[in-house]
Protein chains: 2
Amino acid sequence: MTTLVDVAKKANVSKMTVSRVINHPDKVTDELKQLVYEAMRELDYHPNVIAKALANNSTRIIKLCILEDIDTTEPYYMNLMIGIAKTLDLHQYSLQLVTRNNFDIGNCDGYIITGMRESDVEWIKKLKKPVVMFGENRYGFDYVDTNNKSGTYILSQLALKKGYERLIYVGIDSKESFEYSRESGYLQQVQEKRMMPELHRFGNHSHLAEEFVEKNWDNITKNTAFICASDRLAIGIERGISRCGGKIPEDYGVTGFDGVFLNQVASPKITTIKQSIIEMGSACGENLLDKIVTEDKQGALIFEPKVNLGGTLRV
Amino acid sequence: MTTLVDVAKKANVSKMTVSRVINHPDKVTDELKQLVYEAMRELDYHPNVIAKALANNSTRIIKLCILEDIDTTEPYYMNLMIGIAKTLDLHQYSLQLVTRNNFDIGNCDGYIITGMRESDVEWIKKLKKPVVMFGENRYGFDYVDTNNKSGTYILSQLALKKGYERLIYVGIDSKESFEYSRESGYLQQVQEKRMMPELHRFGNHSHLAEEFVEKNWDNITKNTAFICASDRLAIGIERGISRCGGKIPEDYGVTGFDGVFLNQVASPKITTIKQSIIEMGSACGENLLDKIVTEDKQGALIFEPKVNLGGTLRV
DNA sequence: GTTTAATTTGTTACCGATAACACATCAGAT
DNA sequence: ATCTGATGTGTTATCGGTAACAAATTAAAC
């Protein structure tokens, strides 16, 4: 492999000049820069990242910290990892998967954290390296997420446009930030239309939503659409309605949130918000690397949601 | 962070001794070793991988080279990557995904290659860094794979045990090694039982298998089981039989190979061979890292197949 | 009881980059 | 013409390890 010194010799300059051409090109005259660029091209020079890392005493390791259980049937975390890894690899960083237990083993240059709860805030604040969260939060941490509020807002709007006259929100029984945002998207739409909000919350399991429909079937008038905070709940609602003999999408509408794997087995497919986890993962990585280089706050990076039309709303 | 020198001072030895305690402990007296170990423990010393890499002029990068098209709906490659990454991360190596095009950009310590064709053999032989293949081959490259032959052998055996009296093999129309192995597993079982082998080959698409069943329905006697070389073909066979009014598993049996995602949407689920791609990926990584350290040939690492019972064979 | 060889430890140079400092060079100010 | 200060370039030390060699100690051989 060719090194700085090889290039320096060829260009008749010191290796420091070559280094400067790479890192601080404004501090070198155009004349020398040309010479150096040419030498680099001729020798097909690629900087040695390892040496660079040692000189800057960095590790080129990013830790991905998943603070909730990994449900392996969902490609969610895999997609996230793929997305992050894509970006990191590009910059010759490597990804390390950690949990709460093996968290502080070994050094790193930064953290990507997902699944944070309120109780995690304290120790996260104490981390000495840059952090980017995956998933919105209200503690001032930089994050990447879908626009959760906008998602339910759009789906509610869509349901109304399709002629459903009653909107019931089916949320997740959790105090996490994304849930509040999804609720508020529904609420905003409902208020704009001066409708009566109806909210229910359950653990994120399809059978709970299914039970809910079956128990309350008498009160569920025709022409109602259910705006659900997750595909899982939506699938439960869908099954409940089918069981009770309701017709989707003619008499009842259902929308979900996520666009993940599970939906592939629903029939009809749920109309939902599609999140490109891979893209968001990439963005997460880029954000973090930026932060490592510039040491700046990145703020929130919010992806506008895309509706994935299924068969649970009228055409 | 504490360094070699810190440990050396604390233990009253030279840093070289500390380095030796780590890398060549047999060349240091027990007395000094004890001192050094103690110092390392007290100072919570963790070697700096970056410095190590620089000194050894290694890159800590492994290239994963996928030589076939990536079907993103299948979690196959994701699982493979997860598996590999798991191992590599553990050893602070990073994974770089490359294709034929960007293959020789940048240096690396080793390669994991999958989807090799015959035409790739030449350039792979010329690589100067250790290589491990994912998927069997007959060119002497080290590899990791499921025992393909054993898989079809076992499924054929199982089908016979369940009372099916005729076994038809449905293979993939390809000259790749795994296909030959799967065929030979079927053939061995059939020959042991002194049955008449019946083989057919198609491109790996479900509709081709489906067509085959429909066109030949008259010749497909009851009590026949189809041993398929992939889940995709198996799904096609299953659909074909259903269309023609055949009953699975009462009158007809079907087995697949892979245990991948697609199977989740089949009804009834295919009885198939389950491959733990993640585990195999990990093994691939370990094999390669071993090879990098020892410079030895690793040979083949073959995973014994596990049958995943679905509903396409009698109970 | 030397001589020789083997074992153990320390010294030095080096891996390939960067930062901090030192040294030219040249413009403008006095 | 000399003195400043800005700018561009080269020198040196350093990051945290390892290999190769040198030195010191110990053991074995004659």
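Predicted model only: the values in this text are computed from it and were never measured. Naming convention: chains lettered A, B, ... in sequence-line order (proteins, then strands); numbering from 1 in each chain.
- In this structure, the CG atom of B:L4 is 15 Å from the P atom of C:dT11, given to the nearest Å.
- A donor-acceptor pair under 3.5 Å is absent between the side-chain atoms of B:N148 and the main chain of B:S181, judged by distance alone.
- Classification of B:K33 and B:D30 as a salt-bridged pair holds, one side-chain N sitting under 4.0 Å from a carboxylate O.
- Looking at the side chain of B:R20, the nearest of the listed nucleotides D:dA20, D:dT18, C:dC15 is D:dA20.
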**OP:** Evaluate salt bridge (Lys or Arg N to Asp or Glu O under 4.0 Å) for B:E42 paired with B:K10, printing each intermediate quantity in order.
**Re:** CA-CA 9 Å; B:E42 279 179 35; B:K10 181 129 201 153; 3.4 Å; yes
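- OP1 or OP2 of D:dT18 lies within a sub-4.0 Å distance of a side-chain N or O belonging to B:N23.
- When heavy atoms are screened at a 4.0 angstrom cut-off, B:V28 is found touching the sugar-phosphate backbone but no base atom.
- The NE2 atom of A:H46 sits 12 Å away from the P atom of C:dA17 (whole-angstrom rounding).
- Remark: C1' of D:dT9 and CD1 of A:I22 are 16 Å apart, rounded to the nearest angstrom.
- Contact annotation: the side chain of B:M280 approaches that of B:F134 to within less than 4.5 Å [non-hydrogen atoms, C-beta and beyond].
- Residue whose closest nucleotide on DNA chain C sits further toward the 5' end, between A:N48 and B:N12: B:N12.
- Within the structure, a side-chain polar atom (N or O) of B:H24 is placed less than 4.0 Å from OP1 or OP2 of D:dA19.
- Summary of the strand contacts: B:N57 and B:E31 both lie near DNA chain C, and taking for each the nucleotide with the nearest heavy atom, the more 5' one is attributed to B:E31.
- The phosphate of D:dG10 (OP1 or OP2) has a side-chain N or O of A:T17 nearer than 4.0 angstrom.
- Candidate nucleotides C:dT18, C:dA17, D:dG17 were compared by shortest atom distance to the side chain of A:N56, and C:dT18 ranks first.
- Taking 3.5 Å as the limit, the base of D:dG17 and the side chain of B:K15 contain a donor-acceptor pair of atoms between them.
- The distance between atom NZ of A:K9 and atom P of D:dT9, rounded to the nearest whole Å, is 21 Å.
- Put simply, NZ on A:K33 is 14 Å from C1' on D:dT9, counting in whole angstrom units.
- Comparing D:dG16, C:dG16, C:dT11 by their closest approach to the side chain of B:M16 singles out C:dT11.
- Under 4.0 angstrom from either OP1 or OP2 of D:dT9 there lies at least one side-chain N or O belonging to A:T29.
- Put simply, CD1 on A:I50 is 11 Å from C1' on C:dG16, counting in whole angstrom units.
- Counting only heavy atoms from C-beta outward, the side chains of B:Y93 and B:T87 never approach each other to under 4.5 Å.
- Taking atom CG of A:D26 as the reference point, atom C1' of D:dT9 lies 14 Å away to the nearest angstrom.
- A:L32 comes within 4.0 angstrom of the backbone, heavy atoms only, and of no base.
- Regarding A:K52, its NZ atom lies at a distance of 19 Å from the P atom of C:dC15, rounded to whole Å.
- Place B:Y45 and A:K27 on DNA chain D by their nearest nucleotides, and A:K27 ends up nearer the 5' end.
- The side chain of B:S14 lies closest to C:dT11 when the candidates are C:dT11, D:dG10, C:dG16.
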**OP:** Could you give me the CA-CA distance, side-chain angles and deciding distance for A:E68 and A:Y77, then say whether side-chain hydrogen bond (donor to acceptor under 3.5 Å, both in side chains) is met?
**Re:** CA-CA 11 Å; A:E68 52 198 336; A:Y77 284 112; 2.3 Å; yes
